[in-house]
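These notes are about the structure you will find just below.
In what follows, every heavy atom counts, from backbone to side chain, and hydrogens, waters and symmetry copies are set aside.
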2 protein chains.
Amino acid sequence: MKILKEKTITDVKGIKASGISGGLKKSGKKDLCVISSEGNPVASAVFTRNKVKAAPILMNMEHIKYPTTKAIVVNSGNANSCTGKEGLKNVNIMAQTVADALEVKREEVIVQSTGIIGVQLDMEKVIPAIKKGCSKLSDEGGTDAAIAIKTTDTFEKKLTVSFEAGGKEITLAGIAKGSGMVHPDMATMLSFLVTDLNISKRMLDAAFKESVGASYNMISVDGDTSTNDMAMILANGLAENIKIESPGEDYEKFKEALAYMNTELAKLIAKDGEGATKLIEVEVKNAKDLEGARMCAKAVIRSNLTKCAFFGADANWGRILCALGYSEAELDPDKVDISFYGEGDKIQIAKDGMGVDFDEKKAKEILLKEEVKVDIDLKEGQYSATAWGCDLSYDYVKINGAYRT
Amino acid sequence: MKILKEKTITDVKGIKASGISGGLKKSGKKDLCVISSEGNPVASAVFTRNKVKAAPILMNMEHIKYPTTKAIVVNSGNANSCTGKEGLKNVNIMAQTVADALEVKREEVIVQSTGIIGVQLDMEKVIPAIKKGCSKLSDEGGTDAAIAIKTTDTFEKKLTVSFEAGGKEITLAGIAKGSGMVHPDMATMLSFLVTDLNISKRMLDAAFKESVGASYNMISVDGDTSTNDMAMILANGLAENIKIESPGEDYEKFKEALAYMNTELAKLIAKDGEGATKLIEVEVKNAKDLEGARMCAKAVIRSNLTKCAFFGADANWGRILCALGYSEAELDPDKVDISFYGEGDKIQIAKDGMGVDFDEKKAKEILLKEEVKVDIDLKEGQYSATAWGCDLSYDYVKINGAYRT
């Protein structure tokens with residue numbers, strides 16, 4: 001697998017994109033992107049498990065069942081969430097507008113919205129914006145698309161890799177946005193992947209859903225789950241590799257590239273969490289089962305007290321052990337070892353559930369790094385899991401609490 | 001039932017208390033309290049469900065099984081948590097020291113500790129402090145005891161009520177501390193009640209455990225569950241009412257007083273949550289079942305985004321609806337009504353899962369009050385639940401994240 005630094009989604013065969021300003025954001029920044037694909041692409045997607053589902057999610061859950069998916073349109077500035085029947089009518093108009101402009105079926109269009117909740121879309125701006133976005137589709141629009149889906153994100157999130165399958169070079173590219181797990185007023189988590197891989201919808205779906213469990217589902221900025229969260233992949237087959245229709249070497253290569261892509265995009269979202277000063281990675285090792293390992297990693301990454309301690313660069317192993325203790329996972333507190341890693345440096349702070357004498361100064365140095373890893377050994381079994389998150393800072397409170405005062 | 005404003009635990013017949021400085025807190029503030037009772041008191045207690053249990057919890061879980069409980073000793077400044085075998089040895093020495101000083105059995109002594117985690121108690125200070133505390137026991141020591149169990153609490157939490165049972169006036173008094181659900185470095189939730197009611201251990205236990213589910217178990221400051229949390233009640237029978245040994249009118253009167261006592265102490269803890277600028281009460285009405293109502297109320301009270309919105313006095317009903325949506329409870333988002341109450345004022349902000357036009361200025365006025373109530377109507381069934389918490393402020397981050405930097 002190769003990482004293609006300068007490439008983007010429009011470097012995938014048959015993929016065009018655009019990112020334009022349709023006047024939905026008061027700031028005048030780019031707020032609408034369109035992605036289209038040639039051929040007869042198959043797609044897979046996962047949607048928020050929140051019982052409160054935004055209108056685009058409700059429509060997409062139907063559209064994703066259609067055999068082919070040819071276009072994606074995303075607006076930022078308004079989430080079209082908690083908007084009732086009118087919201088559903090509007091999202092269907094958005095899909096139809098793309099379908100008409102690109103001469104595809106409405107069911108072949110995926111629509112997403114992110115931004116303020118509970119406010120109806122201004123369709124007098126949205127429809128012309130979609131038409132403009134469709135007319136601007138190009139082989140160079142990938143970066144503009146990544147910019148147009150941003151809300152409180154401080155940087156655009158994109159990644160492109162290539163790998164070989166069936167004697168062909170396959171390109172896999174993605175764009176994503178954060179930067180809170182949910183912000184009905186501002187943000188949500190979205191990820192869109194495209195590839196020219198030739199693969200059946202069934203195999204694409206299996207690979208994608210398996211990969212999501214260990215990537216997007218293992219990040220947390222604030223423990224709140226969005227009404228709009230969605231991750232999807234579109235594969236158009238234009239690389240002309242022998243079609244992947246069953247497990248095998250090519251399928252494994254694809255899964256490896258997919259795992260890398262989704263994990264890296266997930267980490268970018270966590271790192272850009274609102275107010276975050278650092279990326280925190282929590283690896284839980286030697287748990288009795290995978291579910292337990294994941295519950296432990298997520299309990300630590302979600303703990304406000306642990307997040308505050310990281311903001312303060314405070315080697316507070318007690319808060320970490322406490323979070324493990326109230327997770328649903330089976331564990332013996334008296335066996336737990338905890339160490340911190342920061343860009344190469346390592347320091348052990350707890351052994352067998354108790355503190356060890358450690359150099360507070362060195363621990364602080366490690367915790368002041370931009371990327372900190374917490375290594376937790378439960379010494380119970382052979383299962384491991386990793387979760388990603390960020391610290392809880394004054395700026396998180398400011399962005400979410402003080403911005404209106 | 002009467003509320004006795006100026007009274008405290010030592011106004012309960014047969015109860016003596018003291019609160020002294022034993023040098024465990026660097027500040028020199030009071031850090032150890034002893035409570036003793038005459039007669040042959042029965043007791044009931046609930047303990048943290050965290051799998052990481054502090055040494056005093058592990059010992060108390062045994063001692064509470066003993067038929068009688070005659071003394072309580074609590075130190076602040078050190079939680080004796082994650083301290084292994086030495087911690088267990090020390091808590092037993094603490095109990096024995098009280099037993100020797102007051103000539104009671106070791107099993108009749110309950111011990112608690114709150115403060116820093118993972119550090120062994122300095123027994124050379126603790127033992128003389130306990131002896132001093134026992135020697136200072138008096139009928140006026142109630143307020144000193146309430147002060148001595150404080151950590152990051154900004155005020156002492158105490159309440160005394162009286163009610164009639166079996167033709168006698170019964171006094172019920174309690175002291176409590178917060179002010180985070182857990183702070184391995186600083187705080188934990190403790191509540192100690194005493195009464196001169198004459199009641200069997202079995203009935204006391206039933207009444208107390210029922211009451212805890214709707215009070216202490218319904219508050220959240222930061223979603224973290226302590227290694228030391230504990231609430232207990234001691235009843236010495238000195239009011240000489242006809243002993244309560246089965247359900248009946250007197251039992252119901254006691255349960256009513258107990259519910260009031262535990263709920264008010266729980267609200268004081270929530271109101272004094274670290275960094276809190278206001279007390280938030282969330283009442284969820286007309287849920288399908290009690291468990292669902294409680295899950296909904298707790299999801300809203302725990303949501304960081306909602307807590308930040310309250311700090312910013314931002315009438316963000318979308319975040320509340322979103323939190324309801326990701327709770328485990330069964331609900332129909334399209335039925336939910338949401339209103340805010342603030343000291344008499346009321347404003348409805350959402351109806352049938354969608355926003356209503358409301359006066360933003362009036363909403364802000366309400367949200368700037370010191371006590372705000374969120375009224376949520378699920379329109380699904382007849383069950384209700386109330387949870388209490390506080391907002392998420394800069395000071396919470398400062399207290400927990402920046403205090404060491």
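With sequence neighbours left out, the salt bridge (Lys or Arg N to Asp or Glu O under 4.0 Å) criterion links K85(B) to no other residue. For E86(B), there are no salt bridge (Lys or Arg N to Asp or Glu O under 4.0 Å) partners, not counting sequence neighbours.
Neither the backbone nor the side chain of A54(B) comes within contact range of chain A; no heavy atoms are under 4.5 Å apart. If you measure heavy-atom distances from T83(B) to chain A, the contacts under 4.5 Å come from the backbone alone.
The neighbour count for E330(A) CD, taken as heavy atoms of other residues, nucleotides or ligands under 6.0 Å away, does not exceed 12. Within a 6.0 Å radius of CD in E365(A), other residues, nucleotides and ligands contribute more than 12 heavy atoms.
Contact between C82(A) and G353(B) at its shortest, heavy atoms only, is CB-O, 3.6 Å.
If you take OH on Y396(B) and CG on L392(A), they are separated by 7.5 Å, rounding to the nearest 0.5 Å. The CZ atom of R302(B) lies 7.5 Å from the CG atom of N304(A); values are rounded to the nearest 0.5 Å. S393(A) contributes atom OG, which lies 15.0 Å from atom NZ of K398(B) (distance to the nearest 0.5 angstrom).
Checking side-chain atoms of D334(A) against main-chain N and O of G84(B) turns up no donor-acceptor pair under 3.5 Å.
Looking only at side-chain heavy atoms (C-beta outward), L324(A) and V52(B) stay at 4.5 Å or farther from each other. Contact of the M354(A) side chain with the Q120(B) side chain is registered, since non-hydrogen atoms from C-beta on lie closer than 4.5 Å.
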